[in-house]
Amino acid sequence: MNDVFYLTDDQRMIRDLARKVAREKIAPNAAEYDEAESYPEKSMRALVDSGLFGIWVPEEFGGTNMGCLALSLVAEELGWACAGTTTNFGAHPLGGLPILLAGTAEQKKKYLPRLAAGELMAAYSLSEPGSGSDAASLRTTAVRKGDHYVLNGSKQWCSHGDHADVLTVFATVDAKKRAKGITAFLIEKGMPGFSVGKKERKMGIRCSPTVALHFTDCPVPVEQRLGEEGEGFKIAMQTLDITRPMTGAMGVGIGQAALDAAVAYAKERQQFGQPIAAFQGIQFMLADMAMQVHAARLMVHHAARQVDLGIRGNTYEASMAKCWAGDAAMKVTTDAVQIFGGYGYTRDYPVERYMRDAKIMQIYEGTNQIQRMVIARELLGAQ
Ligand code: COS
């Protein structure tokens, strides 16, 4: 099988580094962290030591500025090893990119170098208990009082929020204005009136903490506002245009891991006097799985390269990549469990974890129904 021929030497180098870290340092501990639902300290330490946290940060702020395709290549490699750790990794650009997109010179200087070094962790918080897909209906309020805002409300489903030092949080200065009232803020851990709430008990990505955030009369200095009042929704969406390919890439990684496991098992498992790989029923399943993963990878790379080439408006392709790759991950991991038969349903083999982890790929960073809505809007225009 051919390697991805269009990668630059730098992209190849970063992919190979991520592959090495993923296979040597992350994969060996993935099952244990999943079983214990514990934070993957060793895996996260390996990521900090590898310098991978800085790949989306410009060089002037201490990063390596490798771009969206590189981020996707890394997410695929890490996703192959442990989707929970990859979710923790992905929360960092998700929370930090808004600073790059909309931050002042001071905000960039204050946060980006330390984010690039992995000294600070970032997270992103848009969803609330009552607003998920309809993100513009969020209810956390920000009321201006002199030189600060007062935030009140609760956020939900914040990936890695309890380990984040700085969080991009979206609140509204006027709920009646929907999207046009939404404003972004940089919230720091330990700010008075800000607390981390319940940690969810989840089906998959169990070593990635998913938490609620609470704001009770939380004073936030005006300097911590990101962009202007009312610009928050666009900042949120522009960020997702960059990170949805990365999320798709995580799905590609999980799918590839499931395919690799299924191929190996099919060659080894004997039934009716021969390896089950000799049966056309299994061969066709494996071929379909390979096509799903391959198509997903190409869609992810296409959407990511649009970002790197500075092509504005990759929303359509980013949604397609995220949606296809998430659906592919679910299908391929389900088929991998089927090929493993009863063994696949046990925790003795990794495919049941892959299947549980794949499910979130169809839900977070916008459900795949929302991605289809975005795609259809592009196709149909204003109705
Ligand atoms: N880039 C820049 N601007 C964008 C944009 C994008 N990708 N998408 C929307 N906008 C702008 C629109 O142009 C519009 O601005 P104007 O009124 O100035 O034209 C504004 O944002 C509101 O957009 P829209 O009218 O499309 O908002 P809707 O409420 O109809 O729905 C969806 C937007 C459904 C696409 C959005 O709410 C969404 O993505 N929901 C899922 C949220 C999500 O992914 N949550 C997971 C969070 S990460 S765990």
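Counting convention: from 1, in listed order, for ligands and their atoms alike.
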Shortest protein contact, atom 7 (N) of ligand 1 (heavy atom only): Asp241 OD2, 3.0 Å
How far is atom 2 (C) of ligand 1 from its nearest protein heavy atom, and which residue and atom is that? Gln238 CG, 3.8 Å
Among all protein heavy atoms, pick out the one at the shortest distance from atom 25 (O) of ligand 1; state its residue, atom name and that distance to 0.1 Å. Arg377 NH1, 4.5 Å
Between Phe89 and Phe53, is the ring centroid distance below 6.0 Å? yes
For Thr315, atoms of ligand 1 separated by under 4.0 Å from a heavy atom: 7 (N)
Residue, atom name and distance, where the atom is the protein heavy atom closest to atom 6 (C) of ligand 1: Met237 CB, 3.4 Å
Verify the distance criterion only: is there a donor paired with an acceptor across the side chains of Gln292 and Asp288 at less than 3.5 Å? no
Which part of Ser133 is near ligand 1, with near meaning a heavy atom under 4.0 Å away: side chain, backbone, both or neither? backbone
What orientation do Phe279 and Phe272 show, parallel under 30°, tilted 30 to 60°, or perpendicular over 60°? perpendicular
Is it the side chain, the backbone, both or neither of Leu240 that has a heavy atom closer than 4.0 Å to ligand 1? side chain
Test of proximity, Lys180 against ligand 1: N or O pairs below 3.5 Å: yes
Quiz question for you: does at least one protein heavy atom lie closer than 4.0 Å to atom 43 (C) of ligand 1? yes
Could you tell me whether the side chain of Arg12 and the main chain of Ile14 form a donor-acceptor pair under 3.5 Å? no
Of the protein's non-hydrogen atoms, which lies at the shortest distance from atom 35 (C) of ligand 1, and what is that distance? Val374 CG2, 3.8 Å
For ligand 1, is there an N or O atom under 3.5 Å from any N or O atom of Asp134? no
Are the side chain of His92 and the backbone of Ala122 linked by a donor-acceptor contact shorter than 3.5 Å? yes
At under 4.0 Å between heavy atoms, which part of Arg244 makes contact with ligand 1: side chain, backbone, both or neither? side chain
Could you check atom 15 (O) of ligand 1 against the protein and tell me its nearest heavy-atom contact, residue, atom and distance included? Lys234 CE, 3.4 Å
Look at atom 19 (O) of ligand 1 and say whether a protein heavy atom is found at less than 4.0 angstrom from it. no
Over 60° means perpendicular and under 30° means parallel, so classify the ring planes of Phe185 and Tyr149, tilted if in between. perpendicular
So for Tyr124 against ligand 1, with non-hydrogen atoms under 4.0 Å, the contacting part is side chain
Could you label the plane-to-plane angle of the Tyr349 and Tyr265 rings as parallel, tilted or perpendicular, counting under 30° as parallel and over 60° as perpendicular? perpendicular
Of the protein's non-hydrogen atoms, which lies at the shortest distance from atom 49 (S) of ligand 1, and what is that distance? Glu365 N, 3.8 Å
Distance to 0.1 Å, residue and atom name: give those for the protein heavy atom nearest to atom 46 (C) of ligand 1. Gly366 N, 3.5 Å
Would you call Lys145-Asp217 a salt bridge at under 4.0 Å N-O? no
Scan side-chain atoms only and decide if Ser208 and Asn88 contain a donor-acceptor pair under the 3.5 Å cut-off. yes
Check each atom of ligand 1 against the heavy atoms of Arg178 and keep those under 4.0 Å away; list them by number with element. 29 (O)
Find all atoms of ligand 1 within a distance of less than 4.0 Å from any non-hydrogen atom belonging to Met373, and give their numbers and elements. 34 (C)
Between Phe61 and Tyr111, is the gap from one ring center to the other below 6.0 Å? no
Under 3.5 Å, side chain of Lys199 to main-chain N/O of Asp162, donor-acceptor pair present? no
For ligand 1, does Phe233 get within less than 4.0 Å through its side chain, its backbone, both, or neither, judged by non-hydrogen atoms? side chain
For a quick test of reading the model, state the closest non-hydrogen atom pair linking Arg347 to Glu35 and the distance between them. NH1-OE2, 2.8 Å
